[in-house]
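Right, one structure below, let's go through it.
Excluded from the calculations below are hydrogen atoms, water molecules and symmetry mates; all remaining heavy atoms, backbone and side chain alike, are included. Keep in mind it's a predicted model, so treat the numbers as computed, not measured.
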There are 4 protein chains.
Amino acid sequence: MQVTRDEQDGQRSPSATARRGQIIAAAVQVLAESGYGRATFERIRQRAGISSTRLISYHFGTRDELMEAVLIDIALEAQAAIARRTDGAPTATERLTARIEAELAWIARNPAAVRAMYEICMNARDEDGALRYGTQASAEANVAELAPILRAGQQSGEFREFDTTLMALTLKSAIDAAIVRMTQPPRLSVDDCVREITTLALLATRSTP
Amino acid sequence: MQVTRDEQDGQRSPSATARRGQIIAAAVQVLAESGYGRATFERIRQRAGISSTRLISYHFGTRDELMEAVLIDIALEAQAAIARRTDGAPTATERLTARIEAELAWIARNPAAVRAMYEICMNARDEDGALRYGTQASAEANVAELAPILRAGQQSGEFREFDTTLMALTLKSAIDAAIVRMTQPPRLSVDDCVREITTLALLATRSTP
Amino acid sequence: MQVTRDEQDGQRSPSATARRGQIIAAAVQVLAESGYGRATFERIRQRAGISSTRLISYHFGTRDELMEAVLIDIALEAQAAIARRTDGAPTATERLTARIEAELAWIARNPAAVRAMYEICMNARDEDGALRYGTQASAEANVAELAPILRAGQQSGEFREFDTTLMALTLKSAIDAAIVRMTQPPRLSVDDCVREITTLALLATRSTP
Amino acid sequence: MQVTRDEQDGQRSPSATARRGQIIAAAVQVLAESGYGRATFERIRQRAGISSTRLISYHFGTRDELMEAVLIDIALEAQAAIARRTDGAPTATERLTARIEAELAWIARNPAAVRAMYEICMNARDEDGALRYGTQASAEANVAELAPILRAGQQSGEFREFDTTLMALTLKSAIDAAIVRMTQPPRLSVDDCVREITTLALLATRSTP
DNA sequence: CATGAATGAGCGTTCATTCAT
DNA sequence: CATGAATGAACGCTCATTCAT
């Protein structure tokens with residue numbers, strides 16, 4: 001699920017976009033607090049402070065489509081926030097550390113969004129009962145983001161030779177582990193996590209002198 | 001939720017116990033395959049090959065109670081399997097490694113049960129919408145199991161001085177991480193995981209000479 | 001529904017009779033407290049302190065039969081209590097006042113039974129939806145009890161000529177009204193009610209000199 | 001439960017109001033004929049001639065809410081009918097007699113509604129098993145209606161001094177008794193009842209000359 | 001006399017969705 | 001852009017009852 005801006009997005013009127021945003025925000029809160037199973041149209045309606053659940057199905061169609069919209073919205077926002085912090089870094093090393101830092105910072109600042117994403121990924125299923133958005137999807141997305149940075153570093157000589165896909169997955173795993181360590185006792189601070197993961201990343205990637 | 005054998009357990013007739021087992025086994029499969037939200041009485045009925053969902057509510061009462069029964073059943077079985085492998089180890093060091101090994105082995109051999117447990121813990125909620133069985137509960141259970149071993153090792157001089165609760169939590173985290181690494185690509189073998197975690201545990205606990 | 005001692009009653013073993021009494025007593029309490037709709041086998045089982053609802057259906061068959069048994073039990077007990085107080089009164093006048101007094105006294109002393117009776121009469125229905133025990137039935141029973149006394153008084157010259165059925169119904173109505181006045185504010189004492197109704201009865205029946 | 005027009009009532013569309021009325025009317029009939037316990041959504045659906053019970057829960061939510069809506073609807077209709085007949089009476093005496101007359105007339109003309117009300121009041125219970133709408137509530141409502149008339153009569157000198165609450169309760173009791181006499185054999189005509197109760201009321205309240 | 005196991009029917013409720021404007 | 005009305009499908013649960021010993 002490579003996330004790109006929806007085609008229809010440009011065609012939407014400003015008020016429609018606002019309504020969608022309002023509903024998505026409510027859905028995120030409900031998902032984070034009450035879980036996927038209880039994230040019903042009715043609860044989301046209450047949270048959004050709108051009059052009828054019909055408004056939700058009007059703007060998003062089915063429940064599955066709403067959930068996908070939530071997922072995309074969160075992913076795009078995260079991407080944007082991370083890109084804002086990562087752009088402009090001249091070297092691959094700096095871009096890598098900036099990216100890790102930005103990712104962890106975004107996670108720390110948006111626990112509800114993270115939880116909502118998690119709820120959707122672990123529960124949304126298609127008619128056959130198969131998970132719609134497995135961990136696979138999110139892993140692929142991450143590889144797509146990290147691999148280019150890693151390749152650039154290898155070409156510039158900053159990084160040693162390694163399998164970029166495997167390294168991207170490894171770093172993704174480390175970040176996932178950090179999420180747990182930031183959210184569950186004994187808690188680590190964001191800064192500590194950032195320090196740890198960036199150190200790990202640099203040691204793992206730097207070209208041996 | 002320290003899991004002990006249910007009081008009513010002894011009072012149950014053999015046939016009732018068998019039926020319950022049959023239904024629990026079916027529930028585990030459905031939970032693992034289809035997730036908590038789709039683990040309905042009807043699906044479980046099909047899996048168990050019984051004629052009516054009424055049989056489920058007859059033996060377990062409500063859905064929540066069924067889920068709790070599943071949870072308890074899995075926990076008891078895991079405890080028993082681990083105890084079987086751990087008992088008789090003379091030293092704390094051996095008991096610790098045996099325990100880690102047994103736990104990981106059980107996990108590797110019972111992926112459906114692990115997944116079912118996970119589904120219940122992440123989705124079962126009470127009327128207020130709060131998670132019924134948080135990670136907290138499972139963490140506490142693990143501490144209760146590990147801490148005595150660690151204390152014994154400290155008294156015998158095998159282990160250095162450290163906070164046993166914190167160490168137990170840390171080892172629990174390592175095992176949780178290992179679950180992920182055993183189940184998600186790039187996959188590690190059980191043996192590799194065992195080796196890694198036991199090494200980590202021994203290094204972390206051994207008394208400095 | 002002229003209530004007579006059940007034929008099977010003599011055939012029942014002492015322990016069966018005791019069990020039936022225990023269950024009936026529990027049913028009366030549940031009916032009085034929770035109403036007909038909530039007077040389920042399960043609630044009665046709890047009250048009776050027995051292990052299985054099966055014991056109820058074993059002794060009484062269907063729910064309807066249980067309710068009828070409760071009704072009969074109450075009616076017989078009331079009849080007996082009233083008869084104990086009424087027997088031996090030499091004149092019709094005395095028997096009439098004794099009867100009114102005894103009836104009101106029993107009612108005052110057995111509010112739960114009265115309420116249970118009421119619940120059954122107002123709610124028990126047959127398959128067609130018709131009330132099983134209408135007010136009609138209880139009225140007829142009362143007439144059957146009172147009319148002989150009234151007729152005897154007429155023959156002895158104590159009472160004037162009147163339609164005994166109509167008079168019996170009227171006195172029954174007065175007693176029903178007294179129940180309400182004894183149970184709902186502004187409450188009247190049993191003694192006041194007795195005095196009022198007996199006065200009314202004597203004035204209404206006595207032969208004019 | 002002082003009955004006032006529901007706030008939402010004005011917000012309801014004409015078609016919704018019509019549907020609600022249709023369903024309430026059907027519910028009244030079913031309640032009167034089959035009793036509270038058998039007044040299921042399915043039976044009401046049949047009576048209302050609608051296609052799905054879902055339409056009932058759509059308009060009323062839960063069964064309890066439907067029953068409350070029925071109760072309120074009946075109470076409001078009775079209030080309105082009585083007010084129509086009572087308004088414009090110049091003296092307290094006339095208003096009192098008009099009110100008694102109107103009340104009995106409404107009761108005589110709406111036996112099904114009376115019965116339905118009765119069924120709900122005697123059977124509807126909350127989760128604790130306590131009656132939702134006791135006789136207390138209806139008594140209070142009646143006092144609230146009658147007391148002002150009585151007070152006005154006292155101030156104008158038409159009525160003697162007495163406790164208005166107690167008198168209101170007494171008149172309410174007399175009316176309740178009249179209901180029984182109108183509906184159960186030996187039946188009295190409405191006119192007879194009206195005559196009797198109004199006479200009683202006037203004698204009981206008039207200021208002694 | 002008592003019990004355990006099983007069962008079928010029915011009920012209210014919830015949920016997302018569709019048909020109309 | 002928004003809303004109201006209606007709907008069908010599924011679910012968990014409760015209840016009394018029956019079939020076996």
Exercise. Roughly how many Å is it from CZ in Arg63(C) to P in dA9(E), rounded to a whole number?
Worked result: 20 Å

Exercise. Under 4.0 Å between a side-chain N/O of His59(D) and OP1 or OP2 of dG4(F), yes or no?
Worked result: no

Exercise. Within the pair Ser57(D) and dG12(E), is there a side-chain N or O less than 4.0 Å away from OP1 or OP2?
Worked result: no

Problem set entry | Arg54(A) side-chain N/O to dA2(F) phosphate OP1/OP2 under 4.0 Å | no

Problem set entry | Rounded distance (Å) that lies between atom P of dA10(F) and atom CD of Glu42(B) | 10 Å

Exercise. Just checking, any donor-acceptor pair under 3.5 angstrom between side chains of Arg19(C) and Gln22(C)?
Worked result: yes

Problem set entry | N/O (side chain, Thr40(B)) to phosphate O (OP1/OP2, dC11(F)) under 4.0 Å | yes

Exercise. Is Glu33(C) paired with Arg43(C) through a side-chain N to carboxylate O contact shorter than 4.0 Å?
Worked result: no

Seminar exercise, completed: Arg20(A) atom CZ is separated from dC1(F) atom P, nearest whole Å, by 11 Å

Exercise. Closest nucleotide of DNA chain E for Ser15(B) versus for Ser52(B): which of these residues is on the 5' side?
Worked result: Ser15(B)

Exercise. When all nucleic acid strands are considered with a 4.0 Å heavy-atom cut-off, which category describes Tyr58(A): base, sugar-phosphate, or nothing?
Worked result: base

Exercise. Side chain to side chain contact (heavy atoms under 4.5 Å, CB included) between Ile120(D) and Ile74(D): does it pass, once the steps are laid out?
Worked result: CA-CA 11 Å; Ile120(D) 295 172; Ile74(D) 294 174; 5.7 Å; no

Exercise. When the nearest nucleotide of DNA chain E is assigned to Arg43(D) and to Ala39(A) on a heavy-atom basis, which residue is associated with the more 5' position?
Worked result: Arg43(D)

Seminar exercise, completed: Listed range with range, the stems formed with DNA chain F by at least 3 consecutive Watson-Crick or G-U pairs (under 3.5 Å) are E:2-21 with F:2-21

For this session: Ignoring hydrogens and angles, state whether a donor on the side chain of Ser57(B) or Arg54(B) is under 3.5 Å from an acceptor on the partner side chain.
Result: yes

Exercise. Should Asp64(B) and Arg132(B) count as an ion pair when the cut-off is N to O under 4.0 Å?
Worked result: yes

Exercise. Should Arg19(B) be listed as having a side-chain N or O under 4.0 Å from OP1 or OP2 of dA5(E)?
Worked result: no

Problem set entry | Steps toward side chain to side chain contact (heavy atoms under 4.5 Å, CB included) verdict (Tyr133(D), Glu68(D)) | CA-CA 9 Å; Tyr133(D) 318 99; Glu68(D) 181 148 328; 2.6 Å; yes

Exercise. Quick one: which of dA5(E), dA16(F), dC13(F) gets closest to the side chain of Phe41(C)?
Worked result: dA16(F)

Problem set entry | Atom pair distance, as rounded to whole Å: CD1 in Ile56(B) and P in dC13(F) | 11 Å

For this session: Would you mind telling me which of dG12(F), dG4(E), dT3(F) lies closest to the side-chain atoms of Ser13(B)?
Result: dG4(E)

Problem set entry | Whole-Å gap separating C1' (dA16(F)) and CD (Glu127(C)) | 15 Å

Exercise. Given atom CZ of Arg45(D) and atom P of dT13(E), what is their separation to the nearest angstrom?
Worked result: 17 Å

Exercise. Can you tell me if the side-chain N/O atoms of Thr53(A) get under 4.0 Å from OP1 or OP2 in dC15(E)?
Worked result: no

Exercise. Regarding Arg125(A) and the six-membered ring of Tyr36(B), is the cationic atom NZ or CZ under 6.0 Å from the ring centre and inside 45° of its axis?
Worked result: no

Exercise. Rounded to the nearest Å, what distance is computed from the CD1 atom of residue Ile50(B) to the P atom of nucleotide dA5(E)?
Worked result: 14 Å

